[in-house]
Amino acid sequence: MDFSTVRWEEVGKASIETLQILGVSGFFTVIFGLPLGVLLFMTARSASIKSRTVYIILSLIVNILRSVPFIILIVALIPFTRSLVGTATGVLGVIPPLVISAAPYFARLVETTLREVDRGVIEAAQSMGASTGQIVRRVLLPEALPGLLAGITITIVTLVSYTAMAGMVGGGGLGTLAINYGYYRYQNEIMIISVVSMIILVQILQMAGDRLVTFFTRK
């Protein structure tokens, strides 16, 4: 293999695009997934029929979105993506399907994490007259912070593999680089560099997430 022929500027550009995709899609995944997960948790533990109905509907939607393979979802959402951001390819084109796919996944992680919060702490806050919003902001989220950070880390690492799959439909980033040069043009050097870059990125993200979880657990 001859790595001297590799166009490193293309590798650098693809790496920056991957980081942009991860940053924006990760941000919106948390923005939408966190309240959805909290809502799933709160409605699941409620005794009212209305809340249980909301939980059943939300749970069904979340399960459906989680069940669809990402490569199929991104193709199915092409009309919606075009109408939303004006394109279905490149950095902008891959973000909406990434968020729609990852937010329900993260919401389930949030719901599971909140279930592990000591019910005694919640009941103590209720006995002191705290409202539902105060319980969520001052009890649930602070108590579950290490678990939530772990969930964010898992979700973002999963997004890395999703960005690679998005390369099949011109989603931009290292995935597109690997497909266009490593697969279609048989440039194995590009394929190896893309794979190694993604492995390094995942390791860095996982290590940073683990450190944050450890830090806030000790606090």
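All values reported here derive from a predicted model rather than from experimental measurement.
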Student: Between atom OG of Ser67 and atom CD1 of Ile72, what is the distance when rounded to the nearest 0.5 Å?
Tutor: 11.5 Å

Student: As an exercise, state the distance from CG of Leu177 to CD of Glu17, rounded to the nearest 0.5 Å.
Tutor: 9.0 Å

Student: On a heavy-atom basis, which atom in Thr153 and which in Gly209 lie closest, and how many Å separate them?
Tutor: OG1-CA, 3.2 Å

Student: Restricting to non-hydrogen atoms, name the atom on Ala144 and the atom on Leu114 that form the minimum distance, rounded to 0.1 Å.
Tutor: CB-CD2, 3.8 Å

Student: Flag yes if Ile16 and Met198 sit in one hydrophobic cluster, no otherwise; membership is Ile, Leu, Val, Met, Phe, Trp, Tyr, and two members link when side-chain heavy atoms are under 4.5 Å apart.
Tutor: no

Student: Applying the side chain to side chain contact (heavy atoms under 4.5 Å, CB included) test to Ile135, which of Val121, Ile122, Leu141 qualifies?
Tutor: Ile122

Student: Which pair of non-hydrogen atoms, one from Val213 and one from Ala150, has the smallest distance, and what is that distance?
Tutor: CG2-N, 3.6 Å

Student: Has Ser59 got a side-chain atom pairing as donor or acceptor with Ile56's backbone, closer than 3.5 angstrom?
Tutor: no

Student: Could you tell me the separation between the CG atom of Leu145 and the CG atom of Leu149, rounded to the nearest 0.5 Å?
Tutor: 4.5 Å

Student: Which value, rounded to the nearest 0.5 Å, describes the distance between Leu159 atom CG and Ile154 atom CD1?
Tutor: 12.0 Å

Student: Checking side chain to side chain contact (heavy atoms under 4.5 Å, CB included) against Thr29, which of Thr155, Ile156, Leu22 comes through?
Tutor: Thr155

Student: With side-chain hydrogen bond (donor to acceptor under 3.5 Å, both in side chains) as the criterion, how do Thr89 and Arg82 come out once you've worked through the C-alpha distance, each side chain's angles and the decisive distance to 0.1 Å?
Tutor: CA-CA 9 Å; Thr89 59; Arg82 280 204 183 110; over 6 Å; no

Student: Does the side chain of Gln20 reach to within under 4.5 Å of the side chain of Ile95, using non-hydrogen atoms?
Tutor: no

Student: Mind listing the closest non-hydrogen atom pair of Leu92 and Thr87 along with its distance?
Tutor: CB-CG2, 4.0 Å

Student: Are Leu34 and Val139 connected in the hydrophobic side-chain network, where two residues link if heavy atoms are under 4.5 Å apart?
Tutor: yes

Student: Does the side chain of Pro104 come within less than 4.5 Å of Ile61's, by heavy atoms?
Tutor: no

Student: Ile100 and Phe32: side-chain contact (heavy atoms from CB on, under 4.5 Å), yes or no, with the steps?
Tutor: CA-CA 9 Å; Ile100 292 172; Phe32 292 119; over 6 Å; no

Student: May I ask you to decide whether Glu111 forms a salt bridge with Arg115, counting only side-chain N to carboxylate O separations under 4.0 Å?
Tutor: yes

Student: As an exercise, state the distance from OG1 of Thr113 to CZ of Phe106, rounded to the nearest 0.5 Å.
Tutor: 8.0 Å

Student: Please step through side-chain contact (heavy atoms from CB on, under 4.5 Å) for the pair Leu19 and Ser15, ending with a clear verdict.
Tutor: CA-CA 6 Å; Leu19 292 176; Ser15 300; 5.6 Å; no

Student: Transitively linked via ILVMFWY side-chain contacts under 4.5 Å: Tyr162 with Ile74?
Tutor: yes

Student: Quick check: is Val99 connected to Leu148 through a chain of hydrophobic side chains (ILVMFWY, heavy atoms under 4.5 Å apart)?
Tutor: yes

Student: Check whether any side-chain N or O of Thr18 sits under 3.5 Å from a backbone N or O of Leu174 as a donor-acceptor pair, and report yes or no.
Tutor: yes

Student: Go through the steps to decide whether Leu140 and Phe41 satisfy the test side-chain contact (heavy atoms from CB on, under 4.5 Å), and finish with yes or no.
Tutor: CA-CA 10 Å; Leu140 280 175; Phe41 171 77; 3.7 Å; yes

Student: If you look at every heavy atom in Leu40 and Ala107, which pair is closest and at what distance?
Tutor: CD1-CB, 4.3 Å

Student: Answer whether the closest heavy-atom distance between the side chains of Leu77 and Pro96 falls below 4.5 Å.
Tutor: no

Student: With clusters defined by side-chain heavy atoms of hydrophobic residues (ILVMFWY) lying less than 4.5 Å apart, directly or transitively, does Leu73 cluster with Ile179?
Tutor: yes

Student: Can you confirm whether Leu60 is buried at CG, in the sense that more than 12 heavy atoms of other residues, nucleotides or ligands lie under 6.0 Å from that atom?
Tutor: yes

Student: If I take atom CD1 from residue Ile204 and atom CD1 from residue Ile199, how far apart are they, to the nearest 0.5 angstrom?
Tutor: 12.0 Å

Student: Got a donor-acceptor contact below 3.5 angstrom from the Arg66 side chain to the Ser101 backbone?
Tutor: no

Student: At their closest point, which heavy atom of Thr163 faces which heavy atom of Val160, and how far apart are they?
Tutor: OG1-O, 2.5 Å

